[in-house]
S.K.: 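Here it is, the structure in full.
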Amino acid sequence: MEHQPSNFIRSIIKEDLETGKRDQVITRFPPEPNGYLHIGHAKSIVINFGLADDFNGKTNLRFDDTNPLKEDQEYVDSIKEDVQWLGYEWDELRYASDYFEEMYERAVLLIKKGKAYVDDLTPEEMREYRGTLTEPGKESPYRSRSVEENLDLFDRMRKGEFENGSKVLRAKIDMASPNLNLRDPALYRVSHATHHNTGDKWCIYPMYDYAHPLEDAIEGITHSLCTTEFEDHRPLYNWVVEECEMEHQPQQIEFGRLNITNTVMSKRKLKQLVDESYVDGWDDPRLPTVSGLRRKGYTPEAIRAFVQEAGVSKGSGVVDEAMLEHFVREDLKMKAPRTMGVLKPLKVVITNYPEGETEWLDAEINPENPEMGMRQIPFSREIYIEQEDFMENPPKKYFRLFPGNEVRLKHAYFIKCEEVIKNEEGEVVEIRCTYDPETKSGSGFTGRKVKGTLHWVDATHALPAEFRLYEPLIRDEDQKAEEAEDKTFLDYVNKNSLEVVQGFIEPNMKDVQSHDKFQFFRHGYFNVDPKHTTAEKAVFNRTVSLKSSFKL
RNA sequence: UGGGCUAUAGCCAAGCGGUAAGGCAGCGGAUUUUGAUUCCGUCAUGCGAAGGUUCGAAUCCUUCUAGCCCAGCCA
């Protein structure tokens, strides 16, 4: 796998190894199975697995499944699939729920040490007692319960004697700490819920701040890498490891989240778009989910290269989506066969070409990768070209077809526009052209030059196909422009984010399979959609357009 | 008006006291049967601001400013 450029985390690990602070590297990717992975997770995956790989270490995939209310087996399955698809193999597959018994025992230890207590405050009261950003909190009246009483109460919490929300186990730290995370954080809550892994065995579940450090310590994680919003939690992380008397002391290091322009990148928002049917599932090609990018036609290689090039730092920036697009073009350039497809067809009749005759032309599959070989494409009297490749009254520097102009048909002949046929509404419905047999592609003809080369498809042999063209789901500039108070990101969903058009493709595309990738000449890279494609008609998702400096 | 963190080009990002890497985007030009690709050139006398230390500062010190995160029995 590719090596990553250096970054501050790599420097820390290197130094830890050199100074002997650590003798190996063990990382983990710890998703909560409450949604599908997005490209921000891909960043974390690349960092965790990539760093471990580079230092001959190990990486566990660990599901942080401490909240059964939000989690589901569907998500664990999709996460495993996505991690593997991205090209990584975990060393061990673990679940936080594997450690519930040990976590419970460590909590008992905390109680015995006088470092934790059972609190009867309601959630509302707890919030009031917590204080604010600028004012210290005050201690709960239950804070000074005896060890015996706490032990008894905690045992009864586990046994299910109390209702949801009625009691919590809290760490006894400092209600006046300027770091709110240290104002006696909750360690366990009562939640009578069925867990996707442990069923009904438990009715108390550990909180993230308590569970995560223990999970890391149990697994011998050396470097626990997470995003910067957990920076404030680090003192608590260390407190838990120390007070629970864990043998192994992992080090938490935080890096900045990945953000990309013109999209949303939070599981909450993505779930909302899915649940409220703004998109057709977690794998909708407009979403920055790993499965959505996959369906759109992104490759693991492109995603990895993008993440690595975007870098790792503590800053919170927004990467231009153009950068993501660059890396998929780069990867597909040599891999994807090139073919011709007409998305919005306009019929062209070549008046001096014999009726009923078809000739087969040779065409390279990928001129930049000759090993991919040749294909044959039919040519006859009637073809389709792209509607936008003809203008009756073109502006200057329009290289395409217009009355009297001659252009090349890719892999075929020069044609010259002789006549325009319109319907009653005055719309152009057909073009009549003549062709010059001497200009056949590959013949070495140099008599005349043309400025434009058009793609086309033979009308009688063409296969119908559907093309799905995407625009950003949400445009940053739309959101910024309006700046309204009572609006949510849902009010800015781009109504034109999906355009479906019916066109034609070459007959040799008859047997395309889901996820086959092609470059349609002058249009961009496309992926055969796995959900909508049928035996009768292929459906192509546009992964990304080609760059173009053309503007009308 | 508490605490934590971050400021290097339009965007991401190296840099760790010795004179500003790289990628994306952009802009020129060459080649081109994709207005693509490729190639070549260009793109911070400047590192959030102001002071200071030093022969020398993006790097050290001081002050200021801006942005992000935190008041779930979510992770």
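Protein chains get the first letters and strands the later ones, always in sequence-line order, with residue 1 at the start of each. Since we're looking at a predicted model, the values are computed, not measured.
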S.K.: Would you mind telling me which of B/rU33, B/rC74, B/rC70 lies closest to the side-chain atoms of A/Lys70?
M.R.: B/rC74
S.K.: Tell me what A/Phe327 touches on the nucleic acid: a base, only sugar-phosphate, or nothing, going by heavy atoms under 4.0 Å.
M.R.: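 Answer is sugar-phosphate: A/Phe327 comes under 4.0 Å of backbone atoms only.
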S.K.: Do the side-chain N or O atoms of A/Thr66 get closer than 4.0 angstrom to the phosphate oxygens (OP1, OP2) of B/rA75?
M.R.: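 Answer is yes, contact under 4.0 Å.
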S.K.: Let me know the distance between CG of A/Asp174 and P of B/rG3, rounded to the nearest Å.
M.R.: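 These atoms are roughly 14 Å apart.
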S.K.: Taking 4.0 angstrom as the limit, do A/Glu406 and A/Lys416 come out as a salt bridge?
M.R.: no
S.K.: Describe the nucleic acid contact of A/His233 in one word from base, sugar-phosphate, nothing, applying a heavy-atom distance below 4.0 Å.
M.R.: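 Here A/His233 touches the bases of the nucleic acid.
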S.K.: Among B/rU33, B/rC73, B/rG2, which is the nearest nucleotide to the side chain of A/Arg189?
M.R.: B/rC73
S.K.: Within the 4.0 Å heavy-atom criterion, would you say A/Gln519 contacts the bases, only the backbone, or no part of the nucleic acid?
M.R.: base
S.K.: Salt bridge check: are A/Glu471 and A/Arg475 linked by an N-O gap of less than 4.0 Å?
M.R.: yes
S.K.: At under 4.0 Å between heavy atoms, how does the protein contact nucleotides 4-11 of chain B? Give one character per nucleotide, 5' to 3', with B, S or -.
M.R.: SSS----S
S.K.: The side chain of A/Lys547 lies closest to which of these nucleotides: B/rU37, B/rC73, B/rA71?
M.R.: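 When the side chain of A/Lys547 is considered, B/rU37 is the closest of B/rU37, B/rC73, B/rA71.
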S.K.: Between A/Tyr210 and A/Tyr188, is the ring centre distance below 6.0 Å?
M.R.: yes
S.K.: Taking only the side-chain nitrogens and oxygens of A/His411, find out if one of them lies under 4.0 Å from OP1 or OP2 of B/rU33.
M.R.: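 Negative; the distance criterion is not met.
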S.K.: Give a yes or no on whether a salt bridge exists between A/Arg62 and A/Glu219, defined as a side-chain N under 4.0 angstrom from a carboxylate O.
M.R.: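 Yes, charged N to carboxylate O under 4.0 Å.
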S.K.: For A/Gly524, answer base if it contacts any base atom (sugar-phosphate contacts may also be present), sugar-phosphate if it contacts only those atoms, and nothing otherwise; contact means non-hydrogen atoms under 4.0 Å.
M.R.: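 Here A/Gly524 touches no strand at all.
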S.K.: Run the salt-bridge test on A/Arg145 and A/Asp119 with the 4.0 Å N-O cut-off and return the result as yes or no.
M.R.: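 No, no charged N to carboxylate O under 4.0 Å.
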S.K.: Could you please name the partner base of B/rG67, counting Watson-Crick and G-U wobble pairs only when both distances are under 3.5 Å?
M.R.: B/rC5
S.K.: Between A/Phe526 and A/Phe518 (judged by ring centroids, cut-off 6.0 Å), do the two rings come close enough to count as a pair?
M.R.: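 Ring centroids of A/Phe526 and A/Phe518 are no less than 6.0 Å from each other.
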S.K.: Just checking, is any N or O donor in the side chain of A/Thr228 or A/Arg257 under 3.5 Å from an acceptor N or O on the other one?
M.R.: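 The criterion, which ignores hydrogens and geometry beyond distance, is not satisfied for A/Arg257 and A/Thr228.
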S.K.: Salt bridge or not for A/Glu215 and A/Arg94, using N-O below 4.0 Å?
M.R.: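 No.
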S.K.: Students often get this wrong, so: under 4.0 angstrom with heavy atoms, is A/Ser6 touching a base, only sugar-phosphate, or nothing?
M.R.: nothing
S.K.: Is A/Met126 touching bases, backbone alone, or none of the nucleic acid, heavy atoms closer than 4.0 Å?
M.R.: base
S.K.: Tell me if the side-chain of A/Arg400 makes a donor-acceptor pair with the base of B/rG35, cut-off 3.5 Å, by modelled atom types.
M.R.: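 Between B/rG35 and A/Arg400, which were checked side chain against base, a qualifying N/O pair under 3.5 Å is present.
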S.K.: Between A/Phe8 (CZ) and B/rA14 (P), how many Å, whole number?
M.R.: 9 Å
S.K.: Checking all strands, does A/Arg130 fall into the base, sugar-phosphate, or nothing category for heavy-atom contacts under 4.0 angstrom?
M.R.: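 If one applies the 4.0 Å heavy-atom cut-off, A/Arg130 turns out to touch the sugar-phosphate alone, with no base involved.
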S.K.: Choose from B/rA75, B/rC24, B/rA14 the nucleotide whose nearest atom is closest to any side-chain atom of A/Asn67.
M.R.: B/rA75
S.K.: Please work out if A/Lys397 contacts a base, only the sugar-phosphate, or nothing of the nucleic acid, heavy-atom cut-off 4.0 Å.
M.R.: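 A/Lys397: base contact, heavy atoms under 4.0 Å.
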S.K.: Can you check the A/Arg170 CZ to B/rC73 C1' distance for me, whole Å?
M.R.: 10 Å
S.K.: Nearest of B/rA71, B/rG3, B/rC69 to any side-chain atom of A/Pro178?
M.R.: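 Of the options given, the side chain of A/Pro178 lies nearest B/rG3.
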S.K.: Quick check on RNA chain B: between A/Glu368 and A/Leu324, whose nearest nucleotide comes earlier from the 5' end?
M.R.: A/Leu324
S.K.: Please enumerate all residues that pass side-chain hydrogen bond (donor to acceptor under 3.5 Å, both in side chains) together with A/Glu18, with sequence neighbours excluded.
M.R.: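 None.
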S.K.: Would you kindly check if the NZ (Lys) or CZ (Arg) of A/Lys269 is within the cone defined by 45 degrees around the ring axis of A/Phe489 and under 6.0 Å from the six-membered ring centre?
M.R.: yes
S.K.: Test the A/Lys440-A/Tyr413 pair against the cation-pi criterion, namely NZ or CZ under 6.0 angstrom from the six-membered ring centroid and within 45° of the ring axis.
M.R.: no
S.K.: Expressed in whole Å, how much space separates the C1' atoms belonging to B/rA44 and B/rG26?
M.R.: 15 Å
S.K.: Indicate, with a heavy-atom threshold strictly under 4.0 Å, whether A/Leu236 touches base, sugar-phosphate, or nothing.
M.R.: nothing
S.K.: Tell me whether A/Arg189 forms a cation-pi arrangement with A/Tyr205, defined as NZ or CZ under 6.0 Å from the six-membered ring centre and within 45 degrees of its axis.
M.R.: no
S.K.: What's the closest nucleotide to the A/Arg127 side chain, out of B/rA75, B/rA71, B/rG23?
M.R.: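 Nearest nucleotide to the side chain: B/rA71.
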S.K.: Should B/rG51 be called syn or anti, with syn set as within 90° of 0?
M.R.: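 The base of B/rG51 is oriented anti (glycosidic angle more than 90° from 0).
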S.K.: What does B/rU31 pair with, Watson-Crick or G-U, if both distances are under 3.5 Å?
M.R.: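 No nucleotide pairs with B/rU31.
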S.K.: Set out, line by line, the N/O atom pairs under 3.5 Å between protein and nucleotides 57-59 of chain B.
M.R.:
none

S.K.: Of the nucleotides B/rA75, B/rU33, B/rU37, which has the atom closest to the A/Lys333 side chain?
M.R.: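 For A/Lys333, the side-chain atoms sit closest to B/rU37.
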S.K.: Measuring to OP1 and OP2 of B/rU37, would you say a side-chain N or O of A/Arg329 lies under 4.0 angstrom away?
M.R.: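 Checking A/Arg329 against B/rU37: no side-chain N or O falls below 4.0 Å of OP1 or OP2.
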S.K.: Look at all strands and tell whether A/Val312 reaches a base, only sugar-phosphate, or nothing, counting heavy atoms closer than 4.0 Å.
M.R.: sugar-phosphate
